[in-house]
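The sequence lines fix the lettering, A, B, ..., with proteins before strands; numbering per chain opens at 1.
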2 protein chains.
Amino acid sequence: MASRVIGGAELETGTTGGVMAIRLVLEILEALATRDTVGVTELSKALDTTKARVFRHLRTLVDQGYAVQNEGSERYAAGPRLLALSRAASLTPHDSIVRIARPTLSRLRDTFGHTVNLSLAYGDSVSIVESIQGNALIGVVMSSNEAMPRHATAAGKLLLAEDFIRHGRLPTPPLNRYTENTIVDLDALRAELLRVHQQGWADAPEEIVLGINALSAPIRDHRNELVAMVSIMSSIQFIPHQPARKQIEAVKQAAADISRALRL
Amino acid sequence: MASRVIGGAELETGTTGGVMAIRLVLEILEALATRDTVGVTELSKALDTTKARVFRHLRTLVDQGYAVQNEGSERYAAGPRLLALSRAASLTPHDSIVRIARPTLSRLRDTFGHTVNLSLAYGDSVSIVESIQGNALIGVVMSSNEAMPRHATAAGKLLLAEDFIRHGRLPTPPLNRYTENTIVDLDALRAELLRVHQQGWADAPEEIVLGINALSAPIRDHRNELVAMVSIMSSIQFIPHQPARKQIEAVKQAAADISRALRL
DNA sequence: GTTATCGTTTCGTGGAAGGAAACAGGATTT
DNA sequence: AAATCCTGTTTCCTTCCACGAAACGATAAC
């Protein structure tokens, strides 16, 4: 509960500090948005806190119109203003990228059957905002909206390469090590970023989780700014250390398609 | 700032009580979802509070991935998890009604040019979740996601009528008076609700704001449950005390169309 | 009747969140 | 180049508000 585990290493999610009430209310909002009704006791158990606390928070949400109670004294559900918030957030440029990219992502998924991810840059990390699961018997899945480190993921390297080429910036050490293949040396990273920039795609074989590889290409807007990354992700068996030409071309093509769609 | 004014009367929005941190963070989230970037000072002025407070809240949101900061130390924007929340909330049944109804609402708007509203029942009030502005020179608009009283609005009466016919329930007095035409007498309301039920539509001429009328019809799902209301709203000049047959038929038809679309 | 639940309420206490003011860094202005 | 005015950030002290524990009323299951 204190942190999320990727492979063997931990990515801290800031489990302490900040305004405590906010941390709880965000979890409650997520519950309201996800399930269609929630109960006080049920939530208090799931979020590992007191009934009274959950109750007080829910009551506040009801006051503000973010939650509603189903007749009399029963369970709670999402309120009108939560839906309004949702609709407002859907108009942000970032979110419209997802809508535009979705058909292309599906096509790419169907080409190889591997999991396909769409990532955006968020602050110091990369976040997967849309993930379409692969259809293999044993596949690799990805929980959406996790923050991923930039130096150990294919999509993240594209971001770092962009920053390095344009501004000469490199991430500030130390670089967290996730597996024995994680690039933790700045010089090695610099070389890798140059390579990534030249070839126009990136991979990260077993650099964040052993046995897993991803292959990523950049999506650029009308000003040629890097705005998002599309990746395929699978076992190292299907995306080997030297990916197949067909795979590279397909991912680059998908990225180019989405880039073109963005300009319309 | 303490309450919202509709016409001359006030609808309290619960400006006190509850968990204070939640009330602030919800306003901040709305700001993040609405504008594309926000600043600490700017927000603290807009929300009438301290910089430190806004800063601490924003910092917490950043920790949790609900906000991001644009490189170094500048303004804030919506984060990945806020967009995730948004996407999750869009999957709730209530929200899908909006999507399904939208084309029909547009058509109804174009028929008369009056403002068209889609309302849902939320707890003890009615909330307009989608509003398409009329195209008249001088029109009547509606701010979305406001809670409206049930006994003084056309859509609200449909809800009350349903409750009265099926369970014999009437709202608990006192009924707030908004204009001289607001129905505040329980017996009068009972008669009105019977009328509404029999004719299958409702209006509320000058009952919440003088000079304004609305005409509303019920949307029902496959089990014939009342799930939403569609309304046209305009000056009393265009929707008179006794609405035109054409208007009534058009609104009822729109409601029927949406009801049918819901079953598919 | 008993025993689970559930959502709600009460109440005293501690610490988390708040306010005011200072700080640091840019950008403008003078 | 100095001064002023913006930022966003930090500190520190103080308070009052949110917290936890436990009781409460209601409903349902057996």
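A close approach under 4.0 Å does occur between a side-chain nitrogen or oxygen of R56(A) and OP1 or OP2 of dC19(D). For the OP1/OP2 pair of dT9(D) and a distance below 4.0 Å, the side-chain nitrogens and oxygens of Q69(B) include at least one atom meeting the criterion. Between H57(B) and dA17(C) there is no side-chain N or O to OP1 or OP2 distance below 4.0 Å. For T50(A), no side-chain nitrogen or oxygen approaches OP1 or OP2 of dC19(D) to under 4.0 Å.
Side-chain proximity of K51(A) to the nucleotides dA16(C), dG19(C), dA23(D) is greatest for dA23(D). When each of dT9(D), dC19(D), dT8(C) is scored by its nearest atom to the side-chain atoms of Y76(B), the top-ranked nucleotide is dT9(D). The nucleotide whose nearest atom lies closest to any side-chain atom of A52(B) is, among dA21(D), dG19(C), dT7(D), dG19(C). Minimum atom distance to the side chain of M20(A) is reached by dA16(C), of the listed dT9(D), dG19(C), dA16(C). Here dT10(D) is the nucleotide among dG18(C), dT10(D), dC19(D) with the atom lying nearest to any side-chain atom of R59(B). Of the candidates dT9(D), dT8(C), dG18(C), the closest approach to any side-chain atom of A21(B) belongs to dG18(C).
Between E42(B) atom CD and dG8(D) atom C1' the separation is 13 Å, expressed in whole Å. Here dA18(D) presents its P atom at 12 Å from CG of L24(B), a figure rounded to the nearest Å. Remark: P of dA16(C) and CD1 of I22(A) are 15 Å apart, rounded to the nearest angstrom. Distance CZ (R53(B)) to C1' (dA16(C)): 13 Å, rounded to an integer number of Å. As a whole-Å value, the separation of I28(B) CD1 from dG18(C) C1' is 13 Å. For the pair K45(B) NZ and dC5(D) P, the interatomic distance rounds to 13 Å; values are reported in whole Å. Counting to the nearest Å, the P atom of dA16(C) and the CZ atom of F55(B) are 18 Å from each other. Taking atom CG of residue L58(A) and atom C1' of nucleotide dT8(C), one finds them 12 Å apart after rounding to whole Å.
Salt bridge status for R220(A) with E225(A): absent, with no side-chain N to carboxylate O gap under 4.0 Å. A salt bridge links E207(B) with K157(B); the closest basic N to acidic carboxylate O contact falls under 4.0 Å. Electrostatic pairing of E162(B) and R166(B) counts as a salt bridge here, judged by a charged N lying under 4.0 Å from a carboxylate O.
Partner I165(B) forms a side-chain contact (heavy atoms from CB on, under 4.5 Å) with one of L194(B), L193(B), V196(B) and no other, that one being L194(B). Partner T49(A) forms a side chain to side chain donor-acceptor pair (under 3.5 Å) with one of K51(A), R53(A), K45(A) and no other, that one being R53(A).
Using modelled atom types and a 3.5 Å distance limit, the side chains of S231(A) and N117(A) yield no donor-acceptor pair.
Between the base of dG8(D) and the side chain of R75(B) there is no donor-acceptor pair shorter than 3.5 Å.
End-to-end axis angle of the helix from dG1(C)-dC30(D) to dT30(C)-dA1(D), using five pairs per end and rounding to 10°, comes to 30°.
Formation of a donor-acceptor pair under 3.5 Å by the R87(A) side chain with backbone atoms of V129(B) is found in this model.
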